[in-house]
There are 2 protein chains.
Amino acid sequence: MQLVCLDLEGVLLPEIWIAVARKTGLKELERTTRDEPDYDKLMRYRLDILDREGIGIGEIREVIGTLDPLPGAVEFAEWLKSCVPLIVLSDTFSQFAEPLMAKLGYPALFCHQLILGASGTIDDYKLRLDDQKKKSVNAFQNLNFEVIAAGDSYNDLTMLQQADQGILFRPPEKMKSEYPDFPVAEDHASLRENIEKLLR
Amino acid sequence: MQLVCLDLEGVLLPEIWIAVARKTGLKELERTTRDEPDYDKLMRYRLDILDREGIGIGEIREVIGTLDPLPGAVEFAEWLKSCVPLIVLSDTFSQFAEPLMAKLGYPALFCHQLILGASGTIDDYKLRLDDQKKKSVNAFQNLNFEVIAAGDSYNDLTMLQQADQGILFRPPEKMKSEYPDFPVAEDHASLRENIEKLLR
């Protein structure tokens with residue numbers, strides 16, 4: 001039996017931090033895992049900016065509330081869920097994802113958590129598990145699933161490498177040339193075709 | 001972070017084999033995991049009856065197409081998915097479950113597969129994994145999830161025992177007295193209350 005693991009931001013949803021950067025005018029927050037592969041370094045950088053600017057969870061959830069899934073993502077997720085078990089593996093935080101997961105019909109999401117202060121400050125973050133994407137894929141394989149995975153950036157790399165079949169979705173040019181063995185999908189129709197070919 | 005594992009038949013859906021028994025008039029097919037804890041013995045018994053009576057996958061899917069989720073199950077599953085990752089762990093077969101999973105909004109389902117003959121006969125079944133319910137719960141725990149599980153019958157027992165919190169849903173009287181330590185929910189409202197108490 002088969003199972004599909006999908007990254008969330010960049011595949012089904014827009015990049016939440018980039019949306020926050022645009023809304024707040026803080027260009028420094030446009031840095032993502034596409035630019036900075038070291039996730040802890042990236043998160044410390046983000047939390048420092050929020051702290052400095054006095055931006056809390058309330059302001060961020062307000063921005064997230066205005067976002068929608070990427071065009072085509074709702075239909076794509078709906079189709080995929082009807083074919084195979086779908087698990088979304090994301091380095092986002094449950095407090096960020098929630099309003100947008102509703103719009104995707106709540107596929108199962110494995111992610112992390114923010115540690116919030118009483119007044120709504122984002123004090124810290126807690127990774128549920130280090131390298132959770134790769135470890136989750138491996139756990140599903142140990143449960144006798146053949147795993148197909150798709151993601152768009154460096155934090156998906158170990159997941160794609162661990163999976164039986166990895167697919168890059170709209171990756172940065174640099175990543176495409178560094179990892180030429182992965183098939184590349186530039187839109188949801190092409191991602192669906194790539195997955196359909198692999199489904200039995 | 002928390003994750004919920006639910007049994008399918010008896011918790012979200014009616015017992016498919018009992019529905020088939022009623023529709024075909026074959027009372028022998030009313031035997032379920034509630035009556036026979038040895039799953040392989042039960043499946044061999046069922047497949048022998050289908051073979052003897054000339055009932056194939058077409059007839060069974062026709063029966064399944066007439067079924068609906070248990071009253072309250074759609075709303076319950078919708079609520080649950082909005083709170084935590086939901087994984088349905090079932091000893092059913094993907095070919096049986098599919099038309100009914102649509103009515104539940106396709107939560108991620110870990111189950112087994114039937115081996116079908118060219119003419120639609122059900123020739124055999126293939127367990128994806130022996131004792132998959134328990135092993136899946138354990139895999140989620142190793143991914144740093146605290147697991148809440150609910151099920152209604154003997155094939156859920158190892159899952160409930162492995163979980164951080166196990167809940168019996170409408171269990172047979174015998175099971176209730178044999179395992180008095182599990183909280184018991186007799187309807188979806190009570191199951192929701194039991195789970196709500198455990199969610200953080």
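It should be emphasised that the depicted structure is a prediction, and the values quoted were computed from it without experimental measurement. Here is the naming used below: chain letters follow the sequence lines, and residue numbers restart at 1 for every chain.
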Okay, F140(A) and chain B: the region with an atom under 4.5 Å from a heavy atom over there is side chain
Whatever's closer than 4.5 Å to a heavy atom in chain B on L143(A) counts as both
Using the rule that two of Ile, Leu, Val, Met, Phe, Trp, Tyr join whenever any of their side-chain heavy atoms come within less than 4.5 Å, decide whether [X] and [Y] are in one cluster.
{"X": "I57(B)", "Y": "L47(B)", "answer": "yes"}
{"X": "I87(A)", "Y": "L199(A)", "answer": "no"}
{"X": "L129(B)", "Y": "V88(B)", "answer": "no"}

Sorted by chain and residue number, the side-chain contact (heavy atoms from CB on, under 4.5 Å) partners of A149(B) (sequence neighbours excluded) come out as C5(B), M159(B), L160(B), A163(B)
Value for CG (L86(B)) from CG (L6(B)), rounded to nearest 0.5 Å, stands at 5.0 Å
List, with distances to 0.1 Å, the donor-acceptor pairs found between chain A and chain B - the cut-off being under 3.5 Å and no angle criterion applied.
residue, atom, partner, partner atom, Å
R128(A), O, N144(B), ND2, 2.6
R128(A), NE, L143(B), O, 2.8
R128(A), NH2, L143(B), O, 3.3
L143(A), O, R128(B), NE, 2.8
L143(A), O, R128(B), NH2, 3.3
N144(A), ND2, R128(B), O, 2.6

request  = Would you indicate whether the side-chain heavy atoms of L12(B) and P69(B) approach each other to under 4.5 Å?
outcome  = no
Bottom line for M101(B): the part with an atom under 4.5 Å from chain A's heavy atoms is neither
Checking L80(A), V84(A), L3(A), L198(A) against I148(A) for side chain to side chain contact (heavy atoms under 4.5 Å, CB included), the one that qualifies is L198(A)
